[in-house]
Each structure stands twice: as C-alpha cells, then as structure tokens.
**Student:** 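My structure is below; once you've seen it, I'll send some questions.
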2 protein chains.
Amino acid sequence: MAATAPTVHIVDDDAPFRTAVRRVLDASGYRVALYDSAEQLLAKLPAGEPGCILLDVRMPGLSGPQLQERLAELGNRVPIVFLTGHGDIPMSVQAIKAGAEDFLTKPVAREKLVAAVERALTRDAQQRAHDSELDGLRARVSRLTPRESEVFALVVRGKLNKQIAGELGTAERTVKAHRQKVMEKCEAQSLAELVRMAERLGMAAAPE
Amino acid sequence: MAATAPTVHIVDDDAPFRTAVRRVLDASGYRVALYDSAEQLLAKLPAGEPGCILLDVRMPGLSGPQLQERLAELGNRVPIVFLTGHGDIPMSVQAIKAGAEDFLTKPVAREKLVAAVERALTRDAQQRAHDSELDGLRARVSRLTPRESEVFALVVRGKLNKQIAGELGTAERTVKAHRQKVMEKCEAQSLAELVRMAERLGMAAAPE
DNA sequence: CCGACTATTGTCCTTTGGGGCAATAGCCCA
DNA sequence: TGGGCTATTGCCCCAAAGGACAATAGTCGG
C-alpha cells in the first residue's frame, strides 16, 4: 500500500509569487500543484489524496479564511498553512483556532516555510492513518443488521444476555446468536476488543 | 460540593490598565485578582482553584509567553487569555498553538474581553470536570496491589483466566481471586466497564 | 417462485467466569 | 509476637457465554 506521494497545493493569486514558492518547495523535493484562486482549488483538489495547502489570505473571490471554512464544511481536513502579506492578529488567531497548521507572513524565510509544510504533511499523514483505522472499524460495524446493532450496543454496556433478551423482548438464545454474529462481523477476538471498538467509535456508555 | 467561584487573574505591569480591566470584569460579575508581574502570579496563584488568566505579553521580568510556558511545565493548565498592545502575528500564533484561549489586542472592546474570559472559564470548568473524573479513576486503580495490576492489564486485553495464569505462572484460581479484587476495588460492575476505565486511563491494548 | 439473508428458538454440551469456604505463607507494623 | 494485608490454591457449585445441529418464518431481489 505505497501511499501516493503527498502534494503541496499552493493557492495564491500572485503568479510570480506562486512560481517562487514552487521553486522553493520543488527544491525541497515536494510535489507541488498551483492554483490562482480558492475556487480553482475547490474545483480541482483531489479528494482523499495526501497533501497540504499553502494558502494566501487576500485573493479575489473566496478569501483564504473563507476557503478554510468551506473545506471544513465539506469535511475536508487537509492541513492548511497560511502565508500572507496582509494578515493581522485576529485573523491569525482565528485561523489557528480553526485548525490551521501555521500562519506565516511574507516575506518568509525559506526554512520556516519548509518546516511548516513538513509539519502540515506529517499531521496529514497521521490524520489519514487515524482516519483509515476508524474507517475500517466503521466498515465492519456497518455490516451489522439493525438487530445486531442493538445487541452490540447493549453488550458493550456490560449487559448480560438475559438482560438484553429482556430489553429486546426475545429469547436469550436469540441474543446469543446475534452476539456471535456481532463478534464475527466485527472481527473481535474478545469482549474487551469489542468494547474498545465501541469506545473508539464514540458510542456512549450509559450503564443505567 | 459547591465549587469555589472562579477567579480571573489579571497580570499586567500597568497599574491603571489593571484597574480599568478589573472594573470591566467586576461589572460583569467576575471575581478578580490582580498581579503586577508574572512572578507575583506564580507565587500567589492558588493551585487547584477554578479560574483563568488575563495576561499581558510585555512585562518586566518573565514575559507573558514565558509565563505560559512555565505554567505548562508546572502542569498547570489554567486557560490563558492574552491581552496586549505589543503583539505580533508569530507571537499570537505561538500562544494559541500552546493552548491559549485567545489573544486580544489593546484597546479591546469590552464585549470581546468578556466573551473571551467567559470562554476561558467555561473551558476551565470542563477541564476540571474531566480531570476530576480521571482522578477518581486513578485513585481507584492505584489501590490495586502490583499483582492485581498485572491481572488488570491482562484482563482488559481480553485474556482468559487460564492464559493469564500461564503468563503469570500461577494457578487459574489465583487469577480469579485477583480478578475479583480488581473488580471490587475499581468498582466496576462489568468487564465492559473495566475495559472502558483502562481505555480512559490510556492503557495500551496490544492483544498480541 | 427460488435462493439468500435475517430473525428467532430449541436442545444439549463444554468452557469460562464468579464466588463461598478454608488453609498456607511471607511481610510489615504496632 | 500477633494482627492485617497480600499472594496462593484447592474444592465445589452455579451462572453465563460459546457453539453445534436443526428448524421455522418473513423479506427481498432476481
């Protein structure tokens, strides 16, 4: 599973500047893609591929912060490094709070830029690793039938089969059957593992 | 358990400014404490009490960011709201990344200040609630004897009693005895609950 | 209409987990 | 030195979970 090499997406309406930055990042061995507007990035950004965004703040059309917000709405969590000559403190604070990896000001020292991009790519890789683990989990859990899901929820709350049977209005034997299916579909080797899965999926644990 | 009312700790070397800010916060109903330097705050800050810090950046002696760092080293996670007239973007970015609740610039609109303080206090309350829950858990788990802890670790990994007995070189009956003690001391009503506790305490889950 | 999937249950047997009762042993503190 | 705590174990019994074999029924897509 050799992951695609990560790409740094540079979004800036200033063509000469884009080129200059590309040169720096090229020289540092990064794959680079250029966009002259936020809209262009939204249209072309390949989903699901590793990378990060190097983003200007002031641009015609969507601004950098607006693009950040838009991406968040779309559920796209690509790390963003802001790089601008027209920033102010409130803007930088807002950007970082919204999850930006960094907020640099032009002119920027080459090492600062490269370091920020590197951190952004590292974070992206970690997020992806984490997400794909969760996705695998969700995929398994989503194979459960509605009934099995109910049993699953009660099992990880520590309920006994007989209690579950009572709550669901079925026979204990039936619960056992579902429970087996749950363990099988979730590929859990033990109850402890199943509970951990539920926990990672954020399933509430009210024992009641 | 009526918690102590939260206190806003104002750290600024400018006396008139301190007084002005105190007035604003007093008027909003907050308890306020004043300090003219970071050192004074470090010396007097009551540990374990709810509150937040309203912190200037440039001061004689320890600077605001240095105080933030020092508090982090001490494990004190009181939310900090920076309020300064001499800030710049890198500084604000660094402060927020280091966990500051906000980074405001003088002069600040009264509502912005009050809103930031309110968010800081809310965050503090949440952290405290979360921490005290964890502390309760740790207190229970710390009552386990070394042997019981070993059994605990293996149980939450989904090991069977006989496997645990094998790994510890004791009889299965012995494991059962320890296991009982673990459930009792941890006040866990079910294995699921025990696993959740281990999870919240960050105990690794290598099933091996 | 048929096969696949889901939901349900029954019976029976085995493996595990949970506990009561009791005893042996080492250690530490008063 | 004696009580208290920890670690160990044996025996016995009951409850709970796991799983084999088998069967009935309803739903749904072909």
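Here is the naming used below: chain letters follow the sequence lines, and residue numbers restart at 1 for every chain.
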**Student:** dT6(D) P sits how many Å from L144(B) CG, rounded?
**Tutor:** 10 Å
**Student:** Measure the distance from NE2 on H178(B) to P on dC5(D) and round it to the nearest whole Å.
**Tutor:** 16 Å
**Student:** The test is salt bridge (Lys or Arg N to Asp or Glu O under 4.0 Å); show your working for D26(B) and R23(B) and say whether it passes.
**Tutor:** CA-CA 5 Å; D26(B) 264 349; R23(B) 218 169 271 133; over 6 Å; no
**Student:** So where does chain A start and stop touching DNA chain C, 5' to 3', when the test is distance under 4.0 Å to a non-hydrogen atom?
**Tutor:** dT6(C) to dT11(C)
**Student:** Kindly point out which of dT8(D), dA17(D), dT6(D) is positioned nearest to the side chain of K185(B)?
**Tutor:** dT6(D)
**Student:** On DNA chain D, check which nucleotide each of R179(A) and R147(B) is closest to and give me the residue with the more 5' one.
**Tutor:** R147(B)
**Student:** Under the ring pair (Phe, Tyr, Trp, His ring centres under 6.0 Å) rule, collect the residues that match up with Y30(A), sequence neighbours excluded.
**Tutor:** none
**Student:** Got more than 12 heavy atoms from elsewhere within 6.0 Å of NZ, K97(B)?
**Tutor:** yes
**Student:** How does protein contact run along nucleotides 19-30 of chain D, one letter per nucleotide 5' to 3', with B for base contact, S for sugar-phosphate only, - for none, heavy atoms under 4.0 Å?
**Tutor:** BBB---------
**Student:** For the CD atom on Q66(B), are there more than 12 heavy atoms of other groups (residues, nucleotides or ligands in this structure) within a distance under 6.0 Å?
**Tutor:** yes
**Student:** Can a salt bridge be assigned to the pair R77(A) and D131(A) using a cut-off of 4.0 Å between side-chain N and carboxylate O?
**Tutor:** yes
**Student:** Test side-chain contact (heavy atoms from CB on, under 4.5 Å) on V141(A) and M197(A) and set out the steps.
**Tutor:** CA-CA 9 Å; V141(A) 173; M197(A) 290 182 187; 5.6 Å; no
**Student:** Using a 4.0 Å heavy-atom cut-off, does T174(A) contact any base of the nucleic acid, only the sugar-phosphate backbone, or nothing at all?
**Tutor:** base
**Student:** Base, sugar-phosphate or nothing for K181(A)? Non-hydrogen atoms, less than 4.0 Å.
**Tutor:** nothing
**Student:** State plainly whether the residues D124(B) and R128(B) are in salt-bridge range, i.e. N to O under 4.0 Å.
**Tutor:** yes
**Student:** Salt bridge or not between E73(A) and R70(A)? Use side-chain N to carboxylate O under 4.0 Å.
**Tutor:** yes
**Student:** At less than 4.0 Å, is any side-chain N or O atom of T145(B) found next to OP1 or OP2 of dC5(D)? Yes or no.
**Tutor:** no
**Student:** What is the distance, rounded to the nearest whole Å, between atom CG of L160(A) and atom C1' of dG18(D)?
**Tutor:** 15 Å
**Student:** Less than 4.5 Å apart, side chain to side chain, heavy atoms only: is that true for R22(B) and V32(B)?
**Tutor:** yes
**Student:** From NZ of K162(A) over to C1' of dA17(D), roughly how many Å is that when rounded to an integer?
**Tutor:** 12 Å
**Student:** Where the side chain of A171(B) is concerned, which of dT9(D), dT6(D), dA7(D) is the nearest nucleotide?
**Tutor:** dT9(D)
